[in-house]
Amino acid sequence: MTRQVIGRFGVGGVLAALALSTALQAQDFKLFNRTVQVHGFATEGYLHSSSNNYLTMPTSGSGSFAMTDFGVNASTELGDKVHVGAQFYDRNIGALGNWHPTLDWAVIDYKYKSWLEFRGGQAKTTLGLFNDTQDLEFIYTWALLPQAVYPVDLRGENIAHIGGDVLGRVRVKKLGSVAYTAYGGKQPSDMQGGFVYGINSPPTVPVVKGHTTHLASYGGTSFGGDLRWQTPVKGLLVGSSFIAKDLTTTGTNYYWNTQLAVVPSPYAKYTKADHTTGFYSEYTFRNFRFDGEYRRQQRETSTIQSKFSCVAKTGVCTYASPSSSASSYDYRYGYVAASYRFTKWFEAGAYNSRYIAAAGTNWDLPTNHIYDQTIAAKFDIDRFVDLKVEGHFIDGNGGAKVDRGFYPDDNAKGYANVTDLLVVRTGFHF
Amino acid sequence: MLDVRMNRIANNLKFLLIAVALAFVVPQCAVAADVKVIANSSVTATSVSAGDIKDVFLLDKDSLGGSHVEPVLTKGGPAHEAFLKDYIGRNDSALQAFYRSLVFTGKASMPKMLASDAEVVAYVAKTKGAIGYVGSGASTDGVKTLLVK
């Protein structure tokens, strides 16, 4: 069954993508005597898992094709120094995205010199090796980037900021070159992403008696920087990133009492500290490529919500006055990856991705880690179309409180400790 | 169950390691073509360093000798392969990925890419600030050839 589905998907999807890419190769037009470039991409994925539903899709059983995304951009040059453009992005990945189009980026960029450049608008956030390019599946060996660092469901948490960047590259004679980026602004909130989905999901549905939270908004400011050194060793790059956030989450708590009456009360969560520090390296040698990243995220939050009390005889519940509670989190995650391009049309690779949900507790618990050993093959069918086949051998699920691929709502019977996952993904761009 | 899984992973990794080892042993195909770096007559520079060529084609630098420059590439062929090997240090696939990463994040426009040396020469000849490369045997009428220091 699975083989048939994959076969149909592979042939049909690739042929459709080929036809579409051929039709969409015209990409320049003139507007007010300026050349405007139009580029776009689209991908379609199929996921099938041995156990555990993954990324909000019913991947166990016969699998799921509910992994589609696309983006279209237009850009032009205003003189020699100014570049302007915008991109729209949309996706439907299981219960995420839900075909709500978003402005992915819209920027005006002024390059004074190679060592000093200014960018304003909604800009992709530079964080580690691939944060700003994570949607561009066609430039990677992988169908899914290492999910410990680039989780598909939490894409919206770091993808962009509305504000400004200062960046540049300084050549340091024989010591290579150093590129820097500093940025700050408002974080666009992804109400269709995994963060909201994870919180809004009640532990069981329908709730006979329980306590759930529904978010109305979340967002705030973020600032950070990135420093990367292209070393004198040919092909070796090392770098470090930092991002800090100040987010406010608001919503409503609902308590369903024994008589199914709903008792609402305000809910708010404030970030007291949210810092992520990362280190990364990339090395290319001939057709080899090696990447590695490590990050640590430390968060402290203050949650304001009301505690409820119920009268046993009547089952009627009421909320007391709101009170504040503090929580702290320490996440560690990273990956190492290696790939090799065998021919112009074929490359393969493997990575090991590791996520620790609570660094202060036992890392060996399946509820405290997600270890993902992945092997991948990429076929470049032509310059604009690719097909990937990827196997993931996932150990752990990070626990019920971690929204990272595995959600309690999608796995109502509980989690298995291991998940074997097949991903087939095709994409085209122009 | 766990043993079976570990064996599968081990076998896959073995295959990858063998492939990696083979790739180191098997000599890479050498590209023997020479290239000339050419520019529009508006470019004031008469010579250029290999580092500057790399910076221009990786879109880090947009001027040479005070003149604004715009890189022009060929889509493939011996001159293209030689140019990438000698000056850019990336294969075509990696270079295309690099350009796309800039285009799809709003950082730059895609450089002009043409099908042949003749098209590159014609485009460079008529486009202010254009800088490109062609095979050493190609006619370069109407453009200036830059000396690479």
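Order of the sequence lines sets the chain letters (A, B, ...), proteins ahead of strands, with each chain counted from 1.
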Inset, instruction - Using a strict 4.0 Å threshold on nitrogen-to-oxygen distance, state whether A:Asp104 and A:Arg91 make a salt bridge. - result: no

Legend entry - Ion pair check, A:Arg289 and A:Glu282, cut-off under 4.0 Å: yes

Legend entry - Pairs of heavy atoms under 4.5 Å with chain B: top-ranked of A:Asp80, A:Thr284, A:Leu136, A:Thr133: A:Asp80

Inset, instruction - Mind ranking A:Arg171, A:Glu117, A:Lys81 by heavy-atom pairs under 4.5 Å with chain B and telling me who comes out on top? - result: A:Arg171

Using a 4.5 angstrom heavy-atom cutoff, name the option from [options] with the most pairs to chain A.
options: B:Asp92, B:Leu59, B:Asp55; result: B:Asp55
options: B:Gly89, B:Gly129, B:Ala97, B:Gly51; result: B:Ala97
options: B:Lys61, B:Lys107, B:Glu70; result: B:Lys107

Inset, instruction - State whether a side-chain donor-acceptor pair under 3.5 Å links A:Tyr280 with A:Asp291. - result: no

Heavy-atom proximity to chain A below 4.5 Å, by part of [X]:
X: B:Gln96; answer: side chain
X: B:Asp60; answer: both
X: B:Leu102; answer: neither
X: B:Ala108; answer: backbone

Inset, instruction - Pick one of side chain, backbone, both or neither for A:Phe41, based on which atoms fall under 4.5 Å of a heavy atom in chain B. - result: both

Legend entry - Contacting region of A:His83 [heavy-atom separation from chain B under 4.5 Å]: side chain

Inset, instruction - Scan A:Lys388, A:Lys344, A:Arg341 and name whichever one has a salt bridge (Lys or Arg N to Asp or Glu O under 4.0 Å) with A:Asp380. - result: A:Arg341

Inset, instruction - Hey, can you tell me if A:Phe379 and A:Trp345 have their rings parallel, tilted or perpendicular (30° and 60° cut-offs)? - result: parallel

Inset, instruction - Measure the acute angle between the ring planes of A:Tyr283 and A:Phe285, then classify it against the limits of 30° and 60° as parallel, tilted or perpendicular. - result: parallel

Inset, instruction - State, yes or no, whether a side-chain contact exists between A:Val84 and A:Thr76 at a heavy-atom distance under 4.5 Å. - result: yes

Inset, instruction - Side-chain contact test, heavy atoms from C-beta onward, threshold under 4.5 Å: evaluate it for B:Val120 versus B:Lys112 and give yes or no. - result: no

